[in-house]
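Below, each value reflects all heavy atoms present in this structure, side chains not excepted, and no hydrogens, waters or symmetry copies.
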Amino acid sequence: MIGAGRRRGTHRPGGSGPLLPGFLLTAVARLRTVAATMSVRVRIAPSPTGDPHVGTAYIALFNYVFAKKHGGQFVLRIEDTDRARSTADSEAAILRALRWVGLSWDEGPDIGGPHGPYRQSERSEMYQSEVAKLVASGAAYRCFCTAERLAEMRALAKGKSFVGYDGKCRGVDRNESDGRAAAGEPFVVRLAMPKTGETTLVDRLRGEVRFENTQIDDQILLKTDGFPTYHLANVVDDHRMGITHVIRAEEWLSSTPKHVELYKVFGWSAPEWIHMPLLRNADKSKISKRKNPVSLDYYRAAGFLPEALLNYLGTMGWSIAGDREKFTLAEMIEAFTFDRMSLGGPVFDLVKLSAMNADYLRALDDSGIVSRLREWRLGDDYLRQLVPLVRQRIQRMDEFVPMTELFFSGDLDYTPVAKDLVAKNRTAKDVADCLLGFVEALDVQRDFSHAALEAAARAFAEKIAWDPKELFMVVRMAATARKATPPLFETLAVLGRDLVRRRLRLCGEWVKRRP
RNA sequence: GACCCCAUCGUCUAGUCCGGCCUAGGACAAUGGCCCUUCAAGCCAUGAACACCGGUUCGAAUCCGGUUGGGGUCGCCA
């Protein structure tokens with residue numbers, strides 16, 4: 001039943017009963033299509049908790065293209081409900097990176113729009129008032145369980161078929177619940193999922209997907225701190241912002257029934273669901289920073305052209321035609337349809353991306369390449385950062401290029417420093433663990449000034465009980481493949497977080513692999 | 001483990017909806033050659049896949065079922 005006609009356009013939720021004659025059906029379908037065409041509104045909703053992710057650009061691209069194809073709007077919304085991890089810095093980096101790849105939005109936190117604010121942290125009252133309605137109607141309830149109890153519960157459920165929340169507080173009497181809340185006892189609010197039956201949804205790419213309700217636990221909607229979880233905020237905002245199509249990564253598919261239930265209890269009509277395949281590492285697991293560079297800033301720093309990256313992302317799961325893989329954004333919009341999606345998770349392949357980048361680079365004329373090089377690292381700004389690092393060392397200008405070569409390279413060859421990398425009192429594993437551990441520390445180090453880096457390095461040295469000097473030397477060699485360099489932290493600061501982390505990780509892995 | 005999704009060359013994919021035109025096409029990578037002072041580029045060529053089993057059918061990569069395999073989710077993260 002599901003098999004027939006799925007994933008090839010023919011699939012449309014809604015009435016198609018045999019009650020209408022064919023020509024009328026066609027007319028209705030046409031009307032519906034026109035209506036949908038006029039009203040398409042989609043969004044990308046990144047969480048500002050880290051580096052701008054290549055997966056965000058991927059999903060944003062398909063949202064953008066779909067919106068433009070149908071003359072609709074593409075909205076950028078910031079999902080910063082995780083107060084502990086969200087940073088303004090990360091948000092700015094995400095916007096900058098998205099703009100760098102060539103995407104733009106019709107509404108967003110930076111440009112405003114009729115459905116603002118576009119930052120969830122500024123919409124708290126909306127979630128509060130919406131969730132109050134659910135509690136009043138009994139569709140949601142307060143849960144007073146402590147984190148400790150939940151952890152115990154999960155430990156107990158390990159290996160069992162159901163591992164979600166056991167519903168303990170669902171039976172708490174309303175008066176008691178009100179009283180405890182009034183008395184200041186901390187609580188979260190959970191959605192009271194139906195305990196029987198099933199929830200079905202129609203995914204544009206897969207057709208009907210069904211879930212037994214017994215498999216779905218009572219999702220937290222409001223956290224103890226009063227902030228909403230993704231599930232609540234996303235549904236409330238999508239509804240209020242008039243989002244018609246939710247185009248997001250497949251990892252959301254299993255929580256979609258919770259969202260479907262939320263739309264139901266709110267009495268709102270749900271958007272169309274479109275779950276995109278996940279970008280993968282070479283081993284087919286979900287793309288991750290340990291196995292792939294995932295920061296858009298890395299791709300920029302590594303000299304990829306944004307239009308090449310965007311084109312490549314457009315070939316991930318989608319094809320414009322059987323024998324064609326190079327196309328512009330405009331061509332993609334022109335040709336776009338979800339009917340040409342394939343659902344196997346595409347492996348993100350740097351080698352193929354590089355080949356495509358080569359095509360784009362070589363298609364430029366000479367001065368085109370020159371201006372790209374200037375935008376990249378051969379501009380005054382970058383050169384000026386280099387000068388303080390070499391002015392004490394330079395005697396003639398002809399030494400500048402060889403002296404600063406490492407600031408213009410990508411991945412390095414560590415063979416020349418191989419024997420020095422692992423000191424006599426250390427094993428290769430020590431050094432690799434150290435490097436990889438330091439990279440993890442740098443992942444959350446947004447301030448990349450030399451002073452902040454030095455503080456971070458000293459703290460890390462203490463943590464792993466290494467002499468700071470030894471750590472500094474290992475980091476120096478990993479970041480530069482040399483033993484003699486300009487001052488370490490100034491060097492790292494100029495190289496930037498993406499290049500530094502990439503080199504340190506590669507060096508760590510290289511050391512580990514070496515016999 | 002439970003639930004959900006997926007399944008064509010090593011990788012990205014075309015073909016699958018509407019079964020025959022598929023001795024399965026293109027691209028990246030690989031290999032060999034041509035070109036060339038060298039390298040790169042370019043050009044030519046080669047190897048490389050319908051996961052498996054069963055069913056439906058005159059005919060299946062294509063439809064159905066099962067198996068296997070891979071992935072995702074199971075957070076007061078998104």
Pick base, sugar-phosphate or nothing for [X], based on heavy-atom distances below 4.0 Å to the nucleic acid.
X: A/V347; answer: sugar-phosphate
X: A/T81; answer: sugar-phosphate
X: A/V351; answer: sugar-phosphate
X: A/M356; answer: nothing
X: A/F211; answer: sugar-phosphate

In the structure shown, which nucleotide is the Watson-Crick or G-U wobble counterpart of [N], with both distances under 3.5 Å?
N: B/C22; result: none
N: B/C28; result: B/G10
N: B/G42; result: B/C34
N: B/C3; result: B/G72
N: B/G65; result: B/C53
N: B/G47; result: none

Distance check: side-chain N/O of [X] vs OP1/OP2 of [N], anything under 4.0 Å?
X: A/R340; N: B/G15; value: yes
X: A/S319; N: B/A14; value: yes
X: A/R154; N: B/C76; value: yes
X: A/K223; N: B/G75; value: no

Side chain of [X] - closest among [options]:
X: A/R206; options: B/C76, B/G72, B/C5; value: B/C5
X: A/D323; options: B/G72, B/G26, B/C77; value: B/G26
X: A/K284; options: B/G15, B/C76, B/G71; value: B/G71
X: A/W252; options: B/C5, B/A27, B/A78; value: B/A78
X: A/R280; options: B/G70, B/C3, B/A78; value: B/G70
X: A/E250; options: B/U73, B/C76, B/C5; value: B/C5
X: A/S285; options: B/A78, B/G72, B/A27; value: B/G72
X: A/E251; options: B/C76, B/C4, B/G72; value: B/G72
X: A/D82; options: B/C12, B/C77, B/C28; value: B/C77
X: A/T224; options: B/C5, B/C76, B/G26; value: B/C76

Round to the nearest Å and state the distance from [X] atom [atom1] to [N] atom [atom2].
X: A/M316; N: B/A14; atom1: CE; atom2: P; value: 11 Å
X: A/L205; N: B/G72; atom1: CG; atom2: P; value: 19 Å
X: A/E185; N: B/C76; atom1: CD; atom2: P; value: 17 Å
X: A/H231; N: B/U73; atom1: NE2; atom2: C1'; value: 10 Å

For the pair [X] and [Y], find out whether any cationic side-chain nitrogen is under 4.0 Å from an anionic carboxylate oxygen.
X: A/R240; Y: A/E130; answer: yes
X: A/R142; Y: A/D178; answer: yes
X: A/D238; Y: A/R43; answer: yes

Pairwise [atom1] distance, [M] and [N] [rounded to whole Å]:
N: B/C3; M: B/U67; atom1: P; result: 12 Å
N: B/C5; M: B/G66; atom1: P; result: 12 Å
N: B/A41; M: B/C28; atom1: P; result: 11 Å
N: B/C36; M: B/G26; atom1: C1'; result: 29 Å
N: B/G32; M: B/U68; atom1: P; result: 42 Å
N: B/C12; M: B/A7; atom1: P; result: 12 Å
N: B/U8; M: B/C50; atom1: P; result: 11 Å
N: B/C39; M: B/C22; atom1: C1'; result: 41 Å

Query raised in the report: Which comes earlier along RNA chain B counting from the 5' end, the contact point of A/Q215 or that of A/F348, where each point is its nearest nucleotide?
Result: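 The residue whose closest nucleotide sits nearer the 5' end is A/Q215.
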Query raised in the report: More 5' along RNA chain B: A/C145 or A/R324, using each one's nearest nucleotide?
Result: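 So the residue in question is A/R324.
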Query raised in the report: Taking N and O atoms by type only, does the side chain of A/K160 place a donor or acceptor under 3.5 Å from a partner on the base of B/A2?
Result: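 No such pair is found, so the answer is no.
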Report task. Ignoring hydrogens and angles, answer whether the base of B/C4 and the side-chain atoms of A/S254 contain a donor-acceptor pair closer than 3.5 Å. Result ->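 Such a pair does not exist between side chain and base.
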Query raised in the report: Honestly, is A/R180 close enough over A/F187, meaning NZ or CZ under 6.0 Å from the six-membered ring centre and within 45° of the axis?
Result: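 Not satisfied by the 6.0 Å and 45° rule.
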Requested in this report: For A/D413, enumerate each residue passing the side chain to side chain contact (heavy atoms under 4.5 Å, CB included) test, keeping only those at least two apart in sequence or located in another chain.
Outcome: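 Checked A/D413 against side chain to side chain contact (heavy atoms under 4.5 Å, CB included); matches are A/T415, A/P416.
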Query raised in the report: Any side-chain donor paired with an acceptor under 3.5 Å for A/W105 and A/D110?
Result: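 A/D110 and A/W105 do have a side-chain donor-acceptor pair below 3.5 Å.
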Query raised in the report: Does a donor on one side chain and an acceptor on the other come within less than 3.5 Å for A/S288 and A/N281?
Result: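 A/N281 and A/S288 do have a side-chain donor-acceptor pair below 3.5 Å.
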Query raised in the report: Do the rings of A/F66 and A/F336 sit parallel, tilted or perpendicular, given the 30° and 60° boundaries?
Result: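 Judged by the thresholds at 30° and 60°, the geometry between A/F66 and A/F336 is perpendicular.
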Query raised in the report: Would you call the rings of A/W268 and A/H239 parallel, tilted or perpendicular if under 30° counts as parallel and over 60° as perpendicular?
Result: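 Ring orientation of A/W268 relative to A/H239: parallel.
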